[in-house]
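As the structure lists them, so they are numbered: ligands from 1, and atoms in each ligand from 1. Model, not experiment: these values are computed from the prediction.
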Amino acid sequence: MSYLCPLCHSPLAAQEKSFVCPQGHQFDKAKEGYVNLLPVQHKHSRDPGDSTEMMQARRAFLDAGHYQPLRDAICQVLTCFAPEKLLDIGCGEGYYTAGFAGALTGLTGDIWGLDVSKVAIRYAAKRYSQVQFCVASSHRLPFGDSSLGAVVRIFAPCKAEELARVVKPGGVVITATPGPRHLMQLKALIYQEVLLHSQEVESLPGFVEEQTQHISWPMTLKGEEAAALLQMTPFAWRARPEVREALKAEAAFACETDFVVRVWRREG
Ligand SMILES: C[S@@+](CC[C@H](N)C(=O)[O-])C[C@H]1O[C@@H](n2cnc3c(N)ncnc32)[C@H](O)[C@@H]1O
Ligand SMILES: [Zn+2]
């Protein structure tokens, strides 16, 4: 399977140092091994997606193993489906994608990670050579119709029409979204009134919801880890600098996690 050209949608042929389509559109491979398939005219900002600070905070937090139960749960679901081709949408710095590659060892080479953040993909590709990474938008996936057996989407946006287009009949989409009590104690530091996460289930036309799993566990974080958690969430924009400093000074910050993992089966 090859990528599609983001400009004319023809298949891209892999050459030694680049990918080229029959129309001559060329995309160079970066020295870390990834390819940037986000043409300038498809960008909505200069550096879309997560920033370097968010990405580094996420890497430090994930490396410490605080979200490993979520990764393990998705790996377990994936091993049941044993997809031939897997895409992790909004893969960030690659922690989960590499976990999936480890769980599906027979599949190495057929696992893709995609994110709109160039810095996240650079870090991902540098560390995890067993996965093929690209910079692209989830609103225009550079993959052919019905070309993927499974797509994972952890806290990342994607157009439902694109999922229905790229996942083959009988294939699956696995989503991880926040449960009602996710990171309540962190939110309490920022918002006067803490609202539970909405539990409205998204609609994915063309898919049938097949499994729903609720996963939650308590975390006790050192000050630096709690500050990294804040930094990697959208709440970081709202937090006053004093909140971050106070978190850093915490000896043990107790915080709940709450995730919902859903499996959606492509109809047809
Ligand atoms: C909350 S992070 C989750 C990252 C990773 N899945 C994780 O859980 O650690 C959301 C990710 O989606 C990416 N993202 C945001 N908009 C995107 C888009 N339109 N296309 C692809 N990726 C996008 C961000 O750059 C970021 O890496
Ligand atoms: Zn082209």
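Ordered by chain and number, C5 SG, C8 SG, C21 SG, H25 ND1 make up the set of protein N, O or S atoms under 2.8 Å of the Zn ion (ligand 2).
A salt bridge links D63 with R127: the closest approach of a Lys/Arg side-chain nitrogen to an acidic carboxylate oxygen falls below 4.0 angstrom. A salt bridge links R265 and E210; the closest N-O separation between the charged side-chain nitrogens and carboxylate oxygens is under 4.0 Å. Between E202 and R153 a salt bridge is recorded (basic side-chain N to carboxylate O distance below 4.0 Å). Ion pairing between E242 and R240 holds under the 4.0 Å rule for side-chain N and carboxylate O.
Remark: Q76 CD is loosely packed, at most 12 non-hydrogen atoms of other residues, nucleotides or ligands lying under 6.0 Å away.
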Check your understanding: Hey, mind stepping through E256 and H182 against side chain to side chain contact (heavy atoms under 4.5 Å, CB included) and telling me if it holds?
Key -> CA-CA 6 Å; E256 288 172 71; H182 191 53; over 6 Å; no

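Judged as a side chain to side chain donor-acceptor pair (under 3.5 Å), and not counting sequence neighbours, the contacts of D50 are R58. When the side chain to side chain donor-acceptor pair (under 3.5 Å) test is applied to R238, no partner is found at least two apart in sequence or on another chain.
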Report all N/O contacts between ligand 1 and the protein shorter than 3.5 Å as a table of atom names and distances to 0.1 Å; if there are none, say 'none'.
| residue | atom | partner | partner atom | Å |
| --- | --- | --- | --- | --- |
| ligand 1 | 6 (N) | G90 | O | 2.8 |
| ligand 1 | 6 (N) | I154 | O | 3.1 |
| ligand 1 | 9 (O) | R58 | NE | 3.4 |
| ligand 1 | 19 (N) | S138 | OG | 3.4 |
| ligand 1 | 20 (N) | S138 | N | 2.8 |
| ligand 1 | 20 (N) | S138 | OG | 3.0 |
| ligand 1 | 22 (N) | V116 | N | 3.2 |
| ligand 1 | 25 (O) | D50 | N | 2.9 |
| ligand 1 | 25 (O) | D115 | OD1 | 2.6 |
| ligand 1 | 27 (O) | D115 | OD1 | 3.4 |
| ligand 1 | 27 (O) | D115 | OD2 | 2.6 |

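L183 and L196 fall into different hydrophobic clusters, defined by Ile, Leu, Val, Met, Phe, Trp and Tyr side-chain heavy atoms under 4.5 Å apart, directly or through other members.
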